[in-house]
2 protein chains.
Amino acid sequence: MRIRNIDKVQLVKQTAIALIVKDGLEGFSMNKLAKACSISVATLYIYYKDRDDLILKIAHEEGTVMAEAMIKDFNPDMPFEYGLRRQWKNRYQYMVDYPLMNSFFEQLRTSSYQEEFLAGFLTEFKVTMGKFMHNIINRGEIEVMPFEVYWSIAFSPLYNLIRFDNEGQSMGGMPFKMTDEILWKTFDLVVKALKK
Amino acid sequence: MRIRNIDKVQLVKQTAIALIVKDGLEGFSMNKLAKACSISVATLYIYYKDRDDLILKIAHEEGTVMAEAMIKDFNPDMPFEYGLRRQWKNRYQYMVDYPLMNSFFEQLRTSSYQEEFLAGFLTEFKVTMGKFMHNIINRGEIEVMPFEVYWSIAFSPLYNLIRFDNEGQSMGGMPFKMTDEILWKTFDLVVKALKK
DNA sequence: AATATAAATGAATATTCATTCATTTATATT
DNA sequence: AATATAAATGAATGAATATTCATTTATATT
């Protein structure tokens with residue numbers, strides 16, 4: 001029997017991500033994707049059941065890659081500053097390695113796929129994050145606070161810088177470019193906010 | 001001559017916002033909008049040149065309302081903590097008064113309209129924000145830092161809490177609900193991060 | 001009351017959309 | 001080499017899309 005062309009499958013996946021990042025989910029269609037890959041649209045329906053399946057399978061696969069990258073060399077028993085620094089390093093590295101994925105995930109997060117997307121691969125990841133926060137609260141390294149407040153202080157500045165960097169321009173005049181120095185300067189401010 | 005029905009124009013605007021928030025830009029169409037308003041789709045083309053015009057005009061109008069709400073009782077010569085507190089209060093109040101708009105703007109920000117949307121009404125607003133930051137740096141109230149870092153620390157935690165609140169659920173088990181206490185507790189942490 | 005004019009409409013258009021299907025093609029197994 | 005089988009395709013489907021247009025309707029002005 002004929003064997004499935006793995007390169008073609010990969011091409012479909014990468015092209016889908018690129019198109020969704022460029023035009024948004026609203027500008028994305030199966031016919032456009034097939035044309036961009038120079039294959040028949042019917043082939044897409046061999047790989048995926050339908051449009052939703054395509055988007056969610058890709059999101060799930062890439063989400064798993066991301067979640068694993070996030071917790072590399074991290075464990076929830078680490079001391080506060082050390083552990084948080086490790087997570088920042090991982091997120092930053094992921095942004096450098098997969099520059100499209102932050103926009104891609106943001107597209108999904110602000111779409112009707114939101115629920116299925118978040119419910120999927122994030123569960124285990126969230127458990128690890130929650131464990132870490134409880135440990136550092138129990139050890140008295142940071143104040144008691146709701147998880148949402150912790151997350152908003154500990155990570156949203158980082159995600160915001162990554163977004164500014166992706167957009168290449170920002171509030172000020174010159175285009176913003178992320179650097180190691182800026183990253184770790186921001187990290188120090190975040191630690192200052194959270195540390196008792 | 002016949003006069004334009006202002007109520008109908010308002011109905012179109014509010015319904016468009018509600019539909020976009022509910023289904024996303026990808027699920028939004030002119031025919032659906034007309035049906036939801038119980039008017040002819042051709043009427044939409046009397047009010048707006050085309051679909052893009054409709055979306056961008058609504059975004060621009062509502063963006064102006066938001067930008068004004070943000071700088072109410074604020075001026076860039078205020079002391080750091082006092083001025084930032086005022087901005088937080090304004091943003092929180094806006095979220096309470098217009099609960100749909102944060103999701104609406106996020107839809108636009110993550111779409112192909114991003115550029116035209118950001119370029120529009122934000123210019124004056126950004127100038128005021130930049131002035132405030134420069135003042136508090138010049139007075140030595142906060143460290144020297146790029147505008148993007150300042151913004152990421154000063155506001156992204158707030159926006160994140162608002163988003164968690166909108167989504168009604170979050171990383172933890174129970175649905176997250178924003179309260180005054182949580183808001184100002186988070187604010188204190190942000191001030192701690194920025195204050196010299 | 002008659003008129004002029006823009007608002008509002010219903011029905012149509014061409015285009016794009018997701019999806020299907022009969023057919024052809026490549027290859028692993030016999 | 002022949003066969004079986006899934007991969008891959010081109011062309012088609014009907015539904016939904018944005019937009020247009022000839023016509024009707026309401027009202028401000030005469």
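It should be emphasised that the depicted structure is a prediction, and the values quoted were computed from it without experimental measurement. Chain letters run A, B, ... following the sequence lines, proteins first, then strands; residues in each count from 1.
For B:Lys13 and B:Glu61, the salt-bridge test passes: some basic side-chain N is under 4.0 Å from an acidic carboxylate O. Using a cut-off of 4.0 Å between Lys/Arg side-chain N and Asp/Glu carboxylate O, A:Glu68 and A:Lys72 are scored as not salt-bridged.
Distance OH (A:Tyr47) to C1' (C:dA18): 18 Å, rounded to an integer number of Å. Across the protein-nucleic acid pair, A:Glu26 atom CD and C:dC17 atom C1' stand 14 Å apart, rounded to whole Å. Between the P atom of C:dA7 and the CG atom of B:Leu44 lies a distance of 14 Å, rounded to the nearest Å. Rounded to an integer number of Å, the gap from CG of A:Asp50 to P of C:dC17 is 17 Å. Nucleotide D:dA7 holds its P atom 11 Å from the CD1 atom of A:Ile6, rounded to whole Å. Taking atom CG on A:Asp23 and atom P on C:dC17, their separation rounds to 11 Å, with Å as the unit.
The two residues B:Val9 and B:Arg4 come nearest to each other via the heavy atoms CG2-CD, 3.8 Å. Taking both residues in full, the closest heavy atoms of B:Gln107 and A:Thr110 are given as NE2-O, 2.7 Å, listed atom of the first, atom of the second, then distance. Nearest approach of B:Asp73 to B:Met78, heavy atoms of both residues: O-CE, 3.0 Å.
Side chains of A:Tyr94 and A:Asn102: a donor-acceptor N/O pair is absent below 3.5 angstrom, by distance only. A:Arg86 and A:Asn90 are linked by a side-chain donor-acceptor pair at a separation below 3.5 angstrom, with hydrogens and angles left out of the test.
Contacts of A:Tyr48 with the nucleic acid, taken as non-hydrogen atoms under 4.0 Å apart, are absent.
Note: A:Phe164 and A:Phe176 have perpendicular aromatic rings, judged against thresholds of 30 and 60 degrees for the angle between ring planes. Using bins of under 30°, 30° to 60° and over 60° for the plane-to-plane angle, the ring pair B:Phe155/B:Trp151 lands in the tilted bin.
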Under a 4.0 Å heavy-atom criterion, the protein footprint on nucleotides 22-30 of chain D, written with B, S and -, is ---BBBB--
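Dashed line: the shortest gap from a side-chain N or O of A:Tyr45 to OP1 or OP2 of D:dA8 is not under 4.0 Å.
The partner of C:dA22 is D:dT9, judged by Watson-Crick or G-U wobble contacts that both fall below 3.5 Å.
In terms of position on DNA chain D, the residue among B:Lys49 and A:Ile39 whose nearest nucleotide sits closer to the 5' end is A:Ile39.
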Find every protein N or O atom lying less than 3.5 Å from an N or O atom of nucleotides 11-16 of chain C, and list the pairs.
none

